[in-house]
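Numbering starts at 1 and runs along the sequence shown. Bear in mind that the values here come from a model prediction, so they are computed numbers and not experimental data.
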Amino acid sequence: MSQQPVLIAGLDAGGTSTRLCARTLSHEPDLLLMGPAANARHHGVKHAVEVIADLVRQARTKRPHATLRALFAGVAGAGQPAVKAALESGLREKLDSCRINVTHDGIIALEGALEGKCGLLIAAGTGSGVFARTSDGNTVQTGGWGAALGDEGSGYAIGREGLAAAAHAVDGGPATELSALLKHRFRLCSRQDILAHVYDQGAPLQQIAPLVLKAADRQDAIAIAIVESQTRALVRQASWLLKQHPTLWPRYTVWGGLAQSEYYVTILRTHMRRIWPAAGWCAPVHNALEGAVRLALRSLSDSAAG
C-alpha cells in the first residue's frame with residue numbers, strides 16, 4: 001500500500017480576512033481558501049481558533065488523499081506569548097495529528113517578503129509595525145501596539161484621521177476633498193451620518209484610508225498632511241529599531257494593504273531615505289501567505305531532523 005502524500009498548510013489571519021494555502025508535497029496545485037477576519041485581539045481567541053480550524057477542516061475535506069502534517073498560522077494579535085499559547089492550545093484541541101505553530105502575522109510577512117533572509121519589513125495594513133531579521137537569524141520588532149496605543153501609518157490610523165478631518169470640516173474647519181469622497185462612497189453628509197457610521201454601525205475605519213490616499217494624490221492639503229505625518233511616525237519606529245541593530249543588512253520592503261498604493265510607498269520611501277540612506281528598497285518576493293507555507297515546511301523539516 002502506497003503512503004499518503006504529506007499536506008502542509010500556511011495561514012494568514014488578519015483584520016480583514018483569513019487565507020489558507022494547503023500544499024501537497026507531490027507537486028499538486030495549491031489549495032487556496034478564504035474565511036472571515038480572525039484578529040485574535042479584536043475578535044477574541046475563541047473566534048480565531050474557530051475560523052482557522054474551519055478552514056483546516058475544509059482543506060482536509062478537499063484533499064482527503066493527503067495527510068496534514070504541519071500548520072503554520074500568522075495571526076494578527078498573536079504577538080503576545082499568552083495569546084500565541086492560547087491559540088496553539090485551542091487549535092491542538094480541534095486538530096489532531098498535526099504540528100501546529102502560531103506567530104504574529106508580521107513574522108510570516110517578513111519570511112515571505114525577504115525569503116527568510118536578513119533585512120527590514122515595514123508592515124502597513126489595518127495595523128502597522130516594523131520587523132527585521134538580523135544576521136544571526138533573530139527576529140526583532142518595533143511598533144505593533146494596536147490601535148489604542150499606536151499603529152501609526154496604518155490603514156486604521158489614516159482612516160481615523162481622514163474621517164476626523166471631514167468631521168472638522170462639518171464643524172467649520174478647513175475644507176477638504178475628503179468630504180466629497182466620503183459622501184460619494186459612504187453617503188456621509190452630515191454630523192448624524194458620521195456619528196452613526198462610527199458609533200452605531202461600528203464601521204471599520206481602515207476603509208476610509210484609500211479615500212485619504214486618493215485625496216492626497218489629488219493634492220488635497222489636508223489629506224497630504226495626514227499621510228505625511230502618519231508615514232513619518234511609522235518610519236520613526238524603523239529608526240528606533242535601527243538604533244538597536246545598527247548592523248542590520250541595508251535593505252527594506254513594505255508589506256500590507258497600503259503597500260498597494262504607489263503614493264503611500266513613495267512618501268514612505270522618501271522618509272526612509274532620510275533615516276537610512278545606505279539602504280535599498282526592494283519589492284516583496286512573496287506574500288505573507290507564502291511566508292506561512294515556507295515556515296510550515298521548515299517546521300516539518302525541523303521536526304524530522306529532531
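Within the model, atoms CD of E161 and CD1 of I208 stand 12.5 Å from one another, a figure rounded to the nearest 0.5 Å. Note that CG of L110 and CG of L120 are 8.5 Å apart. Values are rounded to the nearest 0.5 Å. Of the inter-residue distances, the one linking Q207 atom CD with L163 atom CG reads 11.5 Å to the nearest 0.5 angstrom. Rounding to the nearest 0.5 angstrom, the gap separating the CD atom in Q206 from the OH atom in Y156 is 8.0 Å. Atom CG of L268 sits about 11.5 Å away from atom CZ of R232, to the nearest 0.5 Å. In this structure, the separation between SG on C189 and NE2 on H184 is 12.0 Å, given to the nearest 0.5 Å.
Contact detail for G155 and L258: the closest heavy-atom pair is N-CD1, 3.5 Å. Across all their heavy atoms, G162 and V212 have their closest contact at CA-CG2, 3.7 Å. Of all heavy-atom pairs spanning P250 and A278, the tightest one is CB-O, 3.9 Å. Heavy atoms only, all atoms of each residue included: A223 and A215 are closest at CB-CB, 3.6 Å. The two residues N101 and S299 have their closest heavy-atom pair at ND2-CB, 3.6 Å. Here the closest heavy-atom approach between residue T18 and residue A38 is recorded as OG1-CB, 3.4 Å.
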Inset, instruction - Carefully, step by step, assess V56 and L68 under the rule side chain to side chain contact (heavy atoms under 4.5 Å, CB included). - result: CA-CA 9 Å; V56 173; L68 182 64; 3.4 Å; yes
Legend entry - Residue pair R19, L11: steps toward the side chain to side chain contact (heavy atoms under 4.5 Å, CB included) verdict: CA-CA 6 Å; R19 300 179 301 146; L11 188 137; over 6 Å; no
Inset, instruction - May I have the step-by-step check of salt bridge (Lys or Arg N to Asp or Glu O under 4.0 Å) for E88 and K84, ending in yes or no? - result: CA-CA 6 Å; E88 290 181 340; K84 166 184 161 68; 2.9 Å; yes
Legend entry - Working for side chain to side chain contact (heavy atoms under 4.5 Å, CB included), residues I107 and H104: CA-CA 6 Å; I107 302 301; H104 189 281; 4.2 Å; yes
Inset, instruction - Please report the C-alpha distance between V45 and V83 in whole Å, then the side-chain angles of each, then the deciding distance to 0.1 Å, and finally whether the side chain to side chain contact (heavy atoms under 4.5 Å, CB included) criterion is met. - result: CA-CA 7 Å; V45 168; V83 176; 4.2 Å; yes
N/O donor-acceptor pairs under 3.5 Å from side chains in residues 279-295, not counting sequence neighbours:
residue, atom, partner, partner atom, Å
H286, NE2, E115, OE2, 3.3
N287, OD1, L289, N, 3.2
N287, OD1, E290, N, 2.8
E290, OE1, R23, NH2, 2.8
E290, OE2, R23, NH1, 3.3
R294, NE, E111, OE2, 3.2
R294, NH2, E111, OE2, 3.4
R294, NH2, E115, O, 3.0

Hey, can you pull the donor-acceptor pairs under 3.5 Å for the side chains in residues 235-245, sequence neighbours left out?
residue, atom, partner, partner atom, Å
Q237, NE2, E152, OE1, 2.6
S239, OG, R236, O, 2.5
Q244, NE2, W240, O, 3.3

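If you chain together hydrophobic residues whose side chains sit under 4.5 Å apart, I224 and L182 fall into the same group. Under the 4.5 Å side-chain contact rule for hydrophobic residues, I108 and V75 do not share a cluster. No single ILVMFWY cluster, assembled from side-chain heavy atoms under 4.5 Å apart, contains both L25 and F72. L248 is not connected to L114 by any chain of hydrophobic side-chain contacts under 4.5 Å among Ile, Leu, Val, Met, Phe, Trp and Tyr, and they are in different clusters. F131 and V140 sit in two unconnected hydrophobic clusters of ILVMFWY residues. Membership requires side-chain heavy atoms under 4.5 Å apart, directly or through other members.
Listed for the R133 side chain is no donor-acceptor partner under 3.5 Å among the backbone atoms of N138. A side-chain donor-acceptor contact under 3.5 Å links T61 to the backbone of R57. Distance alone, capped at 3.5 Å, is enough to place a donor-acceptor pair between the Q230 side chain and the G153 backbone. Between the side chain of D217 and the main chain of L213, no donor-acceptor pair closer than 3.5 Å is present.
Every residue meeting the ring pair (Phe, Tyr, Trp, His ring centres under 6.0 Å) condition with H47, not counting sequence neighbours, appears here in chain and number order: H43. Qualifying ring pair (Phe, Tyr, Trp, His ring centres under 6.0 Å) partners for F186, counting only residues two or more places apart in sequence or in other chains: H197. Take S128 and apply the side chain to side chain contact (heavy atoms under 4.5 Å, CB included) test, not counting sequence neighbours, and it matches D151, S154, L234. Every residue two or more places apart in sequence or in another chain that forms a side chain to side chain contact (heavy atoms under 4.5 Å, CB included) with Q58 is listed here: L33, D54, L55. Listed by chain and residue number, D171 satisfy the salt bridge (Lys or Arg N to Asp or Glu O under 4.0 Å) test with R191 (two or more places apart in sequence, or in another chain). With sequence neighbours excluded, the residues satisfying side chain to side chain contact (heavy atoms under 4.5 Å, CB included) with T24 are P5, L7, S26, E28, R63, A66. The salt bridge (Lys or Arg N to Asp or Glu O under 4.0 Å) test applied to K214 returns no partner, not counting sequence neighbours. Residues meeting the salt bridge (Lys or Arg N to Asp or Glu O under 4.0 Å) test with R69, sequence neighbours left out: none.
You'll find the side chain of D105 reaches within 4.5 Å of the side chain of D12, heavy atoms only. With a 4.5 Å cut-off on side-chain heavy atoms, L188 and K183 do not count as touching.
For residues 254-280, the side chain to side chain donor-acceptor pair (under 3.5 Å) pairs, not counting sequence neighbours, are E228-H271, T231-H271, T270-R273, H271-R274.
Residue-environment remark: NE2 (H65) exceeds the threshold of 12 foreign heavy atoms within 6.0 Å.
Through direct or indirect side-chain contacts shorter than 4.5 Å among Ile, Leu, Val, Met, Phe, Trp and Tyr, W145 is connected to L149.
Only one option out of I8, V102, I52 pairs with L71 in a side-chain contact (heavy atoms from CB on, under 4.5 Å); it is I52.
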